[in-house]
Structures are given as structure tokens and as C-alpha cells.
Amino acid sequence: VVETTEHVWPLSWGPWHPVATFFHLFFRVSAIITYVGCDWFSKSFVGCFVTVLLLLSFDFWSVKNVTGRLMVGLRWWNQIDEDGKSHWIFEARKVSPDTVAATEAEARVFWLGLIVCPMIWIVFFFSSLFSLKLKWLALVIAGISLQAANLYGYVLCKMGGESDISKVTASFLSQTVFQTACPSDFQKPGLEGLEIHKH
């Protein structure tokens, strides 16, 4: 059972977050570069595996808990109650008119990094599979899983907790491809009172 709820939370924030923007891309890009250059920089498979996995883990934590909140005013998490029910919780922040321009620039960077990097890991998956580098598959699958989890959570959060993934994908792509997550959509009518979706 999945229940979806939503909260709007006030938070003081500046118009630009260069440190958050840097680290939003740093860990995920570093993981990709390290994976590609492992054979050149080191002969230790275990060392490369652990390094890339740590970078992916740091990326997952920072995007889920820090950069999403600062750069696009969204936050999501999943919790299990005492009855064993899974609750998806989404939060959105209103954007003041004087910070729209800076927020839009950050939002473009945020969504670009969030969407492009999982696609790169999918390319790595097929590359490893077809080149029979099977020892790397576990690492590539971890990369896809961690980054896809953040993408899935933030897409649901932005779309107001809609649990039908086909509807979410169609609606999200129609908005994001052409507008790249315009900040004026942060506080959508659909976020005012989400329905409870159960699977």
C-alpha cells in the first residue's frame, strides 16, 4: 500500500546556491569519469568499484537531502509505518517573484543532471553487457538504481504525487523537454491537496 501526502514548508533561502549546484553535478560526474577511467588510472578492480560506489552513494544522499531542497524547492522520502505500509511524502516550496530568474537557472542545472546521468549509466549497462565485461555489471546496475531512484522521486514530487508512472512520464516530459522545469510550476494546483493513491 502506498499513500501519498504533501506538505508546503516555508524556508528562508537565497537566490543562488553555487555550492549546492557544484555538488549536485560533482559526485555524479566524478562517478562517471572514474568509471570510464578506471582501466587507465588503476589496475585494482576492487579499488575502482569501491570508489565509484562511494561517489554514487554521496550523490544519492546529497541530491535527495540537500540539492533538491535548495535548487528546486522539492523534497521527497519514503517511510514505513508500524503496520508495514509504505508512505511516499512529497514537499514543495513556493517561489517568490524576486528569485524566479535565479531559481530557473538552478532548476535547469538540477533537472539536466538528474535526467542525463542515469541515461549515461544505461549506456554503460549495454556497453558492459555486449562487451562481456560482466564484472562491472553490478556497479553499473547500482549506478542506474541509485540515480533512477532520485529521478523517480523528484518526478513524482514535481508532478504532485501522481502514482501512475505512464501519466507521470508523459506529463513530465511534455513540461521538462521544452521548459526544463520552469520554477513557476513548483507550486502547482495539483500540489494543494493530493489524493491518496494505493497500489
Side-chain angles (χ1 to χ4, degrees), residues 4 6-9 11-36 49-79 86-95 99 102-125 139-163 165 168-169 172-173 175-177 179-183 185-188 191:
T4 306
E6 182 272 338
H7 305 279
V8 177
W9 38 279
L11 180 66
S12 60
W13 59 299
W16 180 244
H17 302 90
V19 176
T21 303
F22 171 78
F23 281 104
H24 177 69
L25 298 176
F26 174 76
F27 289 124
R28 55 184 49 216
V29 173
S30 296
I32 291 172
I33 294 174
T34 304
Y35 174 81
V36 172
F49 189 98
V50 171
T51 301
V52 174
L53 193 59
L54 284 174
L55 288 170
L56 289 170
S57 300
F58 291 151
D59 169 71
F60 178 82
W61 183 89
S62 64
V63 172
K64 181 178 180 296
N65 297 295
V66 181
T67 64
R69 177 173 59 87
L70 294 176
M71 295 174 68
V72 293
L74 299 174
R75 185 167 60 178
W76 68 272
W77 70 90
N78 182 274
Q79 64 184 23
S86 176
H87 299 266
W88 284 87
I89 301 176
F90 305 102
E91 295 184 349
R93 177 184 57 209
K94 292 183 178 179
V95 178
T99 60
T103 305
E104 182 175 0
E106 287 186 339
R108 291 178 186 277
V109 174
F110 178 84
W111 289 108
L112 184 65
L114 204 66
I115 294 170
V116 171
C117 290
M119 293 181 178
I120 294 175
W121 283 104
I122 291 174
V123 172
F124 289 161
F125 174 81
L139 182 59
V140 173
I141 291 172
I144 294 173
S145 301
L146 289 172
Q147 297 199 350
N150 258 332
L151 177 59
Y152 178 75
Y154 277 112
V155 168
L156 285 182
C157 190
K158 180 170 174 58
M159 301 310 296
E162 171 63 61
S163 60
I165 190 61
V168 167
T169 303
F172 179 74
L173 289 178
Q175 294 181 20
T176 306
V177 169
Q179 298 179 352
T180 317
C182 178
D185 290 336
F186 285 174
Q187 191 60 34
K188 301 169 67 65
L191 289 175

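- The minimum heavy-atom distance linking Phe90 with Gly153 is given by the pair CE2-O, 3.7 Å.
- Contact record, Leu70 with Ala20: CD1-CB, 3.8 Å, taken as the closest heavy-atom pair.
- At a threshold of 4.5 Å between non-hydrogen side-chain atoms, the residues Val66 and Trp61 count as touching.
- In this structure, Phe58 places its CZ atom where only 12 or fewer heavy-atom neighbours from other residues, nucleotides or ligands lie under 6.0 Å away.
- Ring orientation note: the planes of Trp121 and Phe124 are nearly perpendicular, at an angle over 60° on the 30°/60° scale.
- For Gly113 against Leu25, the heavy-atom pair with the smallest separation is CA-CD2, 3.9 Å.
- Closest approach of His24 to Asp59, counting heavy atoms only: O-OD1, 3.9 Å.
- Taking the ring centroids of Phe110 and Tyr154, they lie under the 6.0 Å cut-off.
- Here the rule is side chain to side chain contact (heavy atoms under 4.5 Å, CB included) with Leu151, and of Val63, Ile115, Leu146 only Ile115 fits it.
- Ala149 and Phe60 make their closest contact through CB-CE1, 3.9 Å (heavy atoms, listed as atom of the first residue, atom of the second, distance).
- Rounded to the nearest 0.5 angstrom, Met119 CE and Ile144 CD1 are separated by 12.0 Å.
- The OH atom of Tyr152 sits 12.5 Å away from atom SG of Cys157, with the distance rounded to the nearest 0.5 Å.
- Looking at Ile120 and Phe125, their side chains never come closer than 4.5 Å, going by heavy atoms from C-beta outward.
- Taking 4.5 Å as the limit, every side-chain heavy atom of Val72 sits out of range of all side-chain heavy atoms of Glu106.
- A 4.5 Å side-chain heavy-atom check between Arg69 and Leu74 finds every atom pair outside the cut-off.
- By the 4.5 Å heavy-atom criterion applied to side chains, Ile32 and Cys117 are counted as neighbours.
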Give the intermediate values and the outcome of side chain to side chain contact (heavy atoms under 4.5 Å, CB included) for residues Glu91 and Trp76. CA-CA 6 Å; Glu91 295 184 349; Trp76 68 272; over 6 Å; no

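- Here the shortest heavy-atom pairing between Arg28 and Pro118 reads NH1-CD, 4.3 Å.
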